[in-house]
Amino acid sequence: MPELPEVETVRRGLARWSLNSTINAVQVLHHRATNPRSVAPLDVVAGASIAEISRRGKFLWFDLDRPYALVAHLGMSGQFRIQPVGAPDEKHLRARLLLDGHQELRFIDQRTFGWLAVSANEGPVPQLVSAIAPDIFDPLFDRSAVINKYRKKETEIKRALLDQNLMSGVGNIYADESLWRAKIHPQSRCDELSPRKIENLLAAAEIVMSKALVEGGTSFDSLYINVNGESGYFAHSLEAYGRENEPCSRCATHIRRIVFGGRSSHFCPKCQRL
DNA sequence: CGTTGCGCCTGTTAGC
DNA sequence: TGCTAACAGGCGCAAC
């Protein structure tokens, strides 16, 4: 499940292998690979060269030598792979970009929640990304303003953490990890948390995602890999997510899993009290 | 307007 | 053993 550290790992791989390349052709192999909000069919980027590869939260995009960008979201299972021309097609290959130098940039996506799109790129971020809040590593991230936004929310803190309009990049894994680290129960009401607690939570999110980035992200299976096909190693470092009935590393109480808001939350019932 | 729930997908696993 | 149901869950939109 690609969240900020995984998407950033992919972005760095893409930058290393495709920066300054020209996109010679685009081939779309599945109708869901194109986001319906794309302003044009994907093959309009043919002939463009890749000037920069950028990211906000879980969205990434190719800045082109044109007034529009090629935006990508990996969804649940999206992958980019750099492959030599002629390599056998992957089972869930959804689109391929032919680059100069006999390389292909392939978009592979089992569950088809991921997509590509062409979007106007004349502001700070492409139009398609403009509604997404800056992530915690963005120079535009305003920590005190974001703390105030969380404090005004009339919902549980876990839900708010997943809201990409407040702060982007955090998904279910890093939400649970951040809450564990900050010792906050996922069902705590936002408007009952002190500014200090929320500040601690943001600091925890920043630390957890920084550590994950160093490890190349979290891989449970082959659904998340980087552009070289390599897995990340942060799964070994998870303290709460996916550890139901295993002992908390701080107090040995068994981690509990509950479901609310349609998703699983993992937490230590002793360290993270309501 | 803010919050909540649903639908979109497919491969794996748990349970009967 | 073989089938069905549950599960994974980011995002956009509809509904309340």
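Note that the coordinates shown come from a computational prediction; the quantities given were computed from them, not determined experimentally. Proteins get letters first, then strands, A, B, ... in listed order; numbering begins at 1 in each.
- Within the 4.0 Å cut-off from OP1 or OP2 of dT4(B), at least one side-chain nitrogen or oxygen of Thr155(A) is found.
- For Arg256(A), the CZ atom is loosely surrounded, since the number of other residues' heavy atoms within 6.0 Å does not exceed 12.
- When the C1' atom of dT4(B) is taken as reference, atom CD of Gln164(A) falls 17 Å away, rounded to whole Å.
- Enclosure of atom NZ in Lys197(A) by more than 12 non-hydrogen atoms of other residues, nucleotides or ligands within 6.0 angstrom is indicated.
- Minimum atom distance to the side chain of Lys58(A) is reached by dC11(C), of the listed dC11(C), dT10(B), dT3(B).
- Proximity of Arg263(A) to the phosphate of dG10(C): a side-chain N or O atom is located under 4.0 Å from OP1 or OP2.
- The side chain of Arg37(A) lies closest to dC13(C), out of dG10(C), dC13(C), dT3(B).
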Pair Arg111(A)-Ser77(A), side-chain hydrogen bond (donor to acceptor under 3.5 Å, both in side chains): steps then yes or no
CA-CA 6 Å; Arg111(A) 297 182 196 169; Ser77(A) 56; 4.9 Å; no

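- Taking atom CE of residue Met167(A) and atom P of nucleotide dG10(C), one finds them 14 Å apart after rounding to whole Å.
- Using cut-offs of 30° and 60° on the angle between ring planes, the pair Phe80(A) and Phe107(A) is tilted.
- When only modelled atom types and interatomic distance are considered, His266(A) and Asp176(A) share a side-chain donor-acceptor pair under 3.5 Å.
- Rounded to whole angstrom, the span from the CG atom of Leu162(A) across to the C1' atom of dG2(B) amounts to 17 Å.
- OP1 or OP2 of dC11(C) has at least one side-chain nitrogen or oxygen of His73(A) nearer than 4.0 Å.
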Enumerate the protein-to-nucleotides 5-9 of chain B contacts in which both atoms are nitrogen or oxygen and the separation is below 3.5 Å.
from, atom 1, to, atom 2, distance (Å)
dC8(B), O3', Arg32(A), NH1, 2.8
dC9(B), OP1, Arg32(A), NH1, 2.9
dC9(B), O5', Arg32(A), NE, 3.3
dC9(B), O5', Arg32(A), NH1, 3.4

Could you pull out every donor-acceptor pair under 3.5 Å between side chains of residues 117-125 of chain A and any protein atom, sequence neighbours left out?
from, atom 1, to, atom 2, distance (Å)
Ser119(A), OG, Gln127(A), N, 3.4
Ser119(A), OG, Leu128(A), N, 3.0
Asn121(A), ND2, Asp63(A), OD1, 2.8

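- As rounded to whole Å, 14 Å separates atom P of dT4(B) from atom CG of Asn165(A).
- Distances from the side chain of Ser264(A) to the nucleotides dA8(C), dG10(C), dG12(C) place dA8(C) closest.
- The side chain of Lys153(A) contributes an N or O atom lying less than 4.0 Å from OP1 or OP2 of dT3(B).
- For the pair Asp109(A) CG and dC11(C) P, the interatomic distance rounds to 13 Å; values are reported in whole Å.
- Tyr150(A) places its OH atom 16 Å from the C1' atom of dG2(B), with the value rounded to the nearest Å.
- In this structure, Phe59(A) reaches the sugar-phosphate backbone alone: every heavy-atom distance under 4.0 Å involves primed, P, OP1 or OP2 atoms, never a base.
- When rounded to the nearest whole Å, the span between CZ of Arg257(A) and C1' of dA14(B) equals 12 Å.
- Side-chain contact annotation: Glu6(A) with Tyr174(A), donor-acceptor N/O pair under 3.5 Å present.
- Between the CZ atom of Arg189(A) and the P atom of dG2(B) there is a distance of 15 Å, rounded to whole Å.
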